[in-house]
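A, B, ... follow the sequence lines: proteins, then strands. Residue 1 opens every chain.
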Amino acid sequence: MPDYSEKVMDHFTNPRNIGEIGEADGTGEVGNPVCGDMMKFTIKVKDNRIEDVKYLTFGCGAAIAVSSMVSEMAKGKTLEEALQITNKQVAEELGGLPGNKMHCSNLGADALHKAIEDYMEKHGTKSASVS
Amino acid sequence: MKTINLDYSAASPLDKAVLEKMAPFFTEHYGNPSSGHSLGEIPRKAIVEAREQIGLLIGAEARDIILTASASESNNLAIKGLLAGGKKKGNHIISSAIEHFSILNQLKTLQKQGFKVTLLPVDSYGLVDPEDLRKAINEETSIISIQAANPEIGTVQPLEELAAVARESEVIFHTDATAAAGWLPLDVNKTGVDMLTLAGDQFFGPKGSASLFVRRGIRLAPQVEGGIQERGLRAGTENVPAIVGLGEAARLARETLAERSAKIAIVRDELKEKLLSEVPHLHLNGHPEKRLPRNLNISVEFVEGEALLMRLNMAGIMVSSGSSCTSQALKSSHVLAAIGLTPELAQGSLLFTLSSENNVDDIPYITEKLGSVAALLRNMSPLYHQFLKEAQINA
């Protein structure tokens with residue numbers, strides 16, 4: 001078992017915001033079973049803010065903790081703010097990730113951004129969003 | 001919290017009798033076996049005795065046993081040693097797709113040096129077909145190396161048949177018996193193998209104790225050069241306590257093998273039955289019958305192995321996995337890929353290796369915990385949600 005931080009273990013043990021929003025405003029998926037990690041983020045948007053965010057994750061301890069942390073970081077943020085969240089920030093918020101987990105499991109922010117972009121495409125606001 | 005170790009192939013405690021036998025050689029009988037004076041005498045005799053016991057475990061004579069420090073070292077001495085030192089027929093090597101990395105990685109190196117390597121495929125149980133071996137042999141084939149049993153999926157190869165094919169073509173046959181030695185009866189003459197690797201830590205002997213049987217007449221080049229220890233085939237002052245420990249573990253294994261293996265297989269079978277019947281969407285990997293008595297390998301569908309392993313660890317249950325996240329190289333098991341498992345199933349694989357410490361009383365707890373952990377992780381798995389949706393549509 002890799003050496004995970006206390007924060008990672010906390011989010012792995014008690015993952016926040018698990019699930020899939022039924023009629024989501026945006027959906028974002030990353031990863032595949034070959035690499036070992038898959039994440040599916042769904043968001044509900046109200047007044048340009050992420051009102052709700054849920055995820056489903058297939059993956060290791062790091063992947064689950066990352067998903068949980070991203071969902072907490074994104075909730076309540078404006079879409080523009082949420083698009084600024086980086087994978088690096090997520091890892092920092094988690095108190096760091098083992099070196100070999102930085103690339104394969106740290107995909108949460110990418111999945112969130114995809115969900116936001118999906119929302120923007122559906123609502124024709126993509127051009128206004130590019131940061 | 002109660003802990004249940006189900007990962008004994010990773011590491012096992014020393015048999016107490018082995019430890020007792022080793023202890024005096026750390027302090028009292030610390031002498032160097034090569035010494036001309038009396039301090040070397042008892043250690044020297046102890047090595048002779050240990051070598052005999054190791055030989056007896058596999059039906060070999062003591063003088064044909066080379067002592068090493070790991071199965072990896074024995075495997076390297078067997079293949080690289082033969083190709084560097086022996087009268088080799090040519091530049092072709094045959095092995096299988098599910099060998100240990102101490103075989104596969106040296107074959108990669110040898111390939112870079114110009115050797116041609118054929119890795120035989122295995123069927124969905126992990127068995128090598130002797131006919132495939134027959135077809136792969138050519139005039140250039142110098143050595144065949146096929147494991148006796150697989151440490152991950154437990155599948156036991158038809159060693160006698162494979163060695164017979166090699167013998168027909170007069171090709172040297174090496175077997176990595178690391179996972180099998182101490183658990184299955186092995187006889188180098190009955191099976192007709194020319195070289196055999198075993199390691200003490202797999203049957204309650206110390207880590208860092210291993211050996212290579214080399215049939216007389218086969219010439220190897222040492223892979224560790226220096227002094228004349230091990231007839232010049234493996235230099236370095238002998239690790240007398242480890243050698244003594246390996247000898248004692250080999251003696252105990254030989255004397256109790258049938259009983260010990262049968263007892264563990266009963267617990268393993270019960271665990272398998274309970275898990276497969278009570279936890280939904282499990283998949284047995286490896287052969288249903290031709291497998292190591294203490295080995296069970298199961299894939300838990302829709303979830304990933306490291307998360308399973310961590311959750312089970314929180315419940316005091318220690319297992320291992322072939323998922324990419326649990327390997328330092330971040331690659332999922334080459335063995336599971338070779339038997340044709342889908343990436344999803346390979347990622348969700350769990351390896352259980354039992355010992356005499358395990359008993360049937362723990363099985364309800366293990367079953368309950370694996371069931372709840374699988375349910376919890378499936379609840380957050382996109383693959384499981386997709387499966388449920390598809391099942392709904394089909395209904």
Side-chain angles (χ1 to χ4, degrees), chain A residues 1-5 8-22 24 27-42 53-68 70-71 97-108 111 114-115, chain B residues 3 7 10 281 299-334 336-337 341-350 372-389:
Chain A
M1 214 165 66
D3 295 323
Y4 285 136
S5 71
V8 170
M9 286 309 290
D10 175 37
H11 278 265
F12 170 72
T13 314
N14 308 295
R16 287 71 148 164
N17 308 310
I18 291 172
E20 189 170 4
I21 296 171
T27 302
E29 285 179 81
V30 295
N32 60 65
V34 179
C35 73
D37 292 316
M38 282 174 85
M39 295 173 191
K40 181 180 186 181
F41 270 75
T42 46
V53 49
K54 289 195 181 300
Y55 60 85
L56 293 174
T57 295
F58 167 95
C60 63
I64 290 169
V66 160
S67 309
S68 173
V70 168
S71 74
L97 285 171
N100 61 355
K101 298 277 182 181
M102 283 300 279
H103 297 293
C104 63
S105 308
N106 197 10
L107 305 163
K114 278 196 173 177
Chain B
T3 57
D7 190 19
H281 308 298
S299 284
V300 182
E301 278 188 74
F302 315 116
V303 295
E304 188 276 337
E306 189 205 90
L308 278 167
L309 192 152
M310 286 172 67
R311 281 274 175 189
L312 289 171
N313 185 58
M314 284 157 62
I317 299 169
M318 284 86 164
V319 295
S320 149
S321 169
S323 86
S324 42
C325 287
T326 51
S327 86
Q328 283 301 311
L330 296 178
K331 275 189 178 163
S332 64
S333 152
H334 65 287
L336 299 177
L341 226 57
T342 62
E344 291 97 309
L345 283 176
Q347 298 293 4
S349 75
L350 289 181
S372 62
V373 163
L376 188 141
L377 292 171
R378 279 172 184 159
N379 183 44
M380 66 170 96
S381 161
L383 293 171
Y384 187 58
H385 283 253
Q386 195 186 326
F387 164 79
L388 290 179
K389 271 182 206 161

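Taking the ring centre of A/F58 as origin, the terminal cationic atom of B/R378 falls outside the region bounded by 6.0 Å and 45° from the ring axis.
Looking only at side-chain heavy atoms (C-beta outward), A/M38 and B/E304 stay at 4.5 Å or farther from each other. Residues B/E306 and A/K101 form a side-chain contact, since some pair of their non-hydrogen atoms from C-beta on lies under 4.5 Å apart. Proximity of B/M380 to A/P15: side-chain heavy atoms (C-beta onward) are separated by under 4.5 Å at one or more points.
Here the closest non-hydrogen pair linking B/A307 and A/G59 is CB-O, 3.4 Å. Closest approach of A/V34 to B/P343, counting heavy atoms only: CG2-CG, 3.8 Å.
A/K54 NZ: more than 12 foreign heavy atoms inside a 6.0 Å radius.
The candidate from A/T13, A/I18, A/I64 with the greatest count of non-hydrogen atom pairs under 4.5 Å with chain B is A/T13.
Heavy atoms of B/F302 lying under 4.5 Å from chain A belong exclusively to its backbone. B/E344 touches chain A through backbone and side chain together, each having a heavy atom under 4.5 Å away. Looking at A/A62, only its backbone comes within 4.5 Å of chain B, counting heavy atoms on both sides. Looking at A/E20, only its side chain comes within 4.5 Å of chain B, counting heavy atoms on both sides.
Annotation: the span from B/Q386 atom CD to A/K40 atom NZ amounts to 7.5 Å, rounded to 0.5 Å.
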